[in-house]
Amino acid sequence: MPAIRFKHVFVAIVLISGLCALLLPARVSDVARGQLDALLVPVSWPARKLAEAAHRQLRGPQRVEDPFRGESDKPRTSDEVLKDNQRLVIQVASMAKQIEELAKRAASREKLGDVQQLCDSFAVIGSDSGNRQSLILRGSSRDGLKVGMPVLCPEGLGLAGRISIAGIGGAHVQLLTDVQFTVVGKFERPRHKADGSVDLLSLLPIDTPAPLVQGDGRGRMVIKTLKYSDVEKLVVPGDWVVLEDPDGWPLILQHKKIGEVESVKRDNLGFAEIVVKPAMNLMQLAEVQVLVR
Amino acid sequence: MRWLSFYILVYLTLGLQTGLRPYIAWRDASPNLLLLVVVFVCINASQESALIGAFILGALQDLFTQTPLGLHAFAYSLLGLLVVRVRLVVHRQHPLTHVSLALVGMLILGALDALQTLLHHPPPGTMGRGASMFFASLLYTLLLAPVVIGVLQRGRRLFAFELGGSSRIPAPRGRRRE
């Protein structure tokens, strides 16, 4: 009987890994992931924090855009900001009550209302070690994280992605900008008031076929499934893309902002190529909110 | 090879890769630091140690990425098999060698990634977007290859590699070198 040599064993292991990579579905192989993420924290987390601090220093102070300013160049005064905040708080409280009443009447099982109360915050300890757009969280299945849970940007600034792996050592978030991420959305446009400022509580729907939003792997999303004739002159840079996917996402997240249209071009086949920018650089998030309840 | 030094290097590189990636990326293309470590180990360690080390590096990287499990382990093992064959006929200290081997490694990884994506019916446009990202990442990795591997080469004594520092072909045992 021929002696089993190192090279025979090595070739066998390599072939098994090749078959696993090429043929095994992700839901089977992902079981092995998320078990050892916590071990990297002593290196990845401080490295990330240092890089974040250095990035902030080099970038300098960032001018925060005032979404209510609209076309006007004049910044709002502090009195105007206070009045707008008071008006918004009252309006949101009233709408929350109305939603509560409607939910009771509909005897809906779906949770509605303030999404922040249903979320837990988790720190980001690292990102994908390859070339994919994903984050590694300091949280695990022991903290209640499960595959498929929606993930939001901090302070409710929009969707970030979904939990793709949840093990005892850590959890991974597949971001909206990942090449394998798709979601159905809808175009909407904030109304402009007479004084040129923007009314963010009143969005104008744009009548187009439902766009399939895909990540492009480079920090953006792209819509390539609509004909240019369907969106020409209807969709312009600055328009919002919001979530409209009741089959795949909870009701409470419907109409949550996915991003803003950055450019609209026509490709050689007559289809539109619409690039959508997320609310922030998702790969540089320091923490996220996960819809755990 | 001193395995403790190897594991410390792998742990630090993996931690830095996952922690720093969004901040060292250029237009969302990031370098593959672990592949450079694979090249370093494979050109210096004995055949068995090099192959085992390459496989372990790939398997560990697979645990912290969204790409299919086994992709990096397979790619780095193939790279290891190639490097152990050619390392005795190339100048192991030369930066051009490092860049060339890193290029081959990235091409193997890219080809396997593309093949795997094709086999699983990707959404339309995925291949094109993936290709542009890949080439940007490849260029970035090749730019860093002579620097990272050059620095690691200076510390190779810590790893007690069996192959030694000379790039010349060692004489067979029992025969005097003329």
Side-chain angles (χ1 to χ4, degrees), chain A residues 6-7 10 13-26 29-30 32-33 35-37 39-49 51-52 54-55 125-134 136 164-165 172 174 178-180 182 212 214 216-219 222 224-225 281 283-284, chain B residues 11-25 27-30 32-34 47-48 51-52 55 58-75 77-78 80-81 109 112-113 115-117 119-120 122-127 129-130 132-134 136-137:
Chain A
F6 166 79
K7 63 179 181 184
F10 182 76
I13 292 172
V14 168
L15 284 174
I16 291 169
S17 66
L19 288 170
C20 181
L22 296 174
L23 300 176
L24 213 61
S29 58
D30 279 350
R33 292 188 171 130
Q35 316 303 329
L36 302 176
D37 299 2
L39 294 176
L40 283 187
V41 170
V43 178
S44 66
W45 190 80
R48 193 177 175 93
K49 285 294 166 195
E52 237 174 83
H55 184 74
I125 59 169
S127 54
D128 194 282
S129 65
N131 60 357
R132 298 286 293 273
Q133 300 263 307
S134 77
I136 303 174
S164 57
I165 294 164
H172 294 203
Q174 186 184 23
D178 185 57
V179 285
Q180 300 274 354
T182 55
L212 182 69
Q214 302 164 234
D216 75 345
R218 302 189 73 158
V222 67
K224 293 184 99 166
T225 53
N281 186 333
M283 285 291 283
Q284 291 183 359
Chain B
Y11 179 68
L12 289 173
T13 311
L14 198 52
L16 289 174
Q17 176 89 15
T18 54
L20 294 179
R21 198 190 134 204
Y23 298 97
I24 60 173
R27 298 196 178 211
D28 291 299
S30 52
N32 191 340
L33 300 175
L34 283 147
Q47 179 167 322
E48 287 184 9
L51 294 177
I52 293 170
F55 179 81
L60 285 173
Q61 188 167 6
D62 280 328
L63 292 177
F64 298 97
T65 178
Q66 294 279 326
T67 49
L69 195 69
L71 187 78
H72 290 89
F74 189 40
S77 300
L78 290 179
L81 284 166
L109 188 58
L112 288 172
D113 197 13
L115 178 64
Q116 188 279 331
T117 306
L119 286 173
H120 289 91
T126 304
M127 298 300 293
R129 291 192 292 278
S132 66
M133 265 293 290
F134 166 72
S137 180

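Naming convention: chains lettered A, B, ... in sequence-line order (proteins, then strands); numbering from 1 in each chain.
Ranked by non-hydrogen atom pairs under 4.5 Å with chain B, the options A:Asp37, A:Leu40, A:Asp30 are led by A:Leu40. Of the listed residues B:Leu14, B:Ile24, B:Leu112, the one with more heavy-atom pairs under 4.5 angstrom with chain A than any other is B:Leu14. Highest contact tally toward chain B, considering only A:Gln174, A:Glu52, A:His172, is held by A:Glu52 [criterion: heavy-atom pairs under 4.5 Å].
For A:Arg48 against B:Pro22, the heavy-atom pair with the smallest separation is NH1-CG, 3.5 Å. The two residues B:Leu16 and A:Val43 come nearest to each other via the heavy atoms N-CG1, 3.8 Å. Listed here is the closest heavy atom pair of B:Thr65 and A:Asp128: OG1-OD1, 2.6 Å. Contact record, A:Arg132 with B:Gln66: NH1-O, 3.6 Å, taken as the closest heavy-atom pair. Scanning all heavy atoms of the two residues, the minimum distance from B:Pro68 to A:Ala21 falls at CB-O, 3.4 Å. Taking each heavy atom of B:Leu51 and A:Phe6 in turn, the nearest pair found is CD1-CE2, 3.9 Å.
Within a 6.0 Å radius of NZ in A:Lys7, other residues, nucleotides and ligands contribute 12 heavy atoms or fewer.
Judged by distance alone, the side chain of A:Ser127 and the main-chain N or O of B:Thr18 form a donor-acceptor pair under 3.5 Å. Listed for the B:Arg21 side chain is a donor-acceptor partner under 3.5 Å among the backbone atoms of A:Gly130. Judged purely by atom type and a 3.5 angstrom limit, B:Tyr23 has no side-chain atom pairing as donor or acceptor with the backbone of A:Ala47.
Heavy atoms closer than 4.5 Å to chain B are found nowhere in A:Pro46, neither backbone nor side chain. Residue A:Gln35: no heavy atom, backbone or side chain, is found under 4.5 Å from chain B. Contact of B:Leu81 with chain A is made through the side chain alone, with heavy-atom distances under 4.5 Å. With a 4.5 Å cut-off on non-hydrogen atoms, B:Phe55 touches chain A through its side chain but not through its backbone. For chain B, the nearby parts of A:Leu36 are the backbone and the side chain; heavy atoms of each come within less than 4.5 Å. Heavy atoms of B:Thr67 lying under 4.5 Å from chain A belong to its backbone as well as its side chain.
Taken to the nearest 0.5 Å, the CG atom of A:Asn131 stands 9.0 Å off from the CZ atom of B:Phe134. A distance of 4.5 Å separates CD in B:Gln61 from OG in A:Ser129, rounded to the nearest 0.5 Å. Here CG of B:Leu20 is found 13.0 Å from NE2 of A:His55. Values are rounded to the nearest 0.5 Å.
You'll find the side chain of A:Arg218 reaches within 4.5 Å of the side chain of B:Ser132, heavy atoms only.
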Run B:Phe74 and A:Cys20 through side chain to side chain contact (heavy atoms under 4.5 Å, CB included) and show every step you take. CA-CA 9 Å; B:Phe74 189 40; A:Cys20 181; over 6 Å; no

Using the rule given for side chain to side chain contact (heavy atoms under 4.5 Å, CB included), can you reason through A:Leu22 versus B:Leu119, listing the C-alpha separation, both sets of side-chain angles and the distance that settles it, and then say yes or no? CA-CA 7 Å; A:Leu22 296 174; B:Leu119 286 173; 4.1 Å; yes

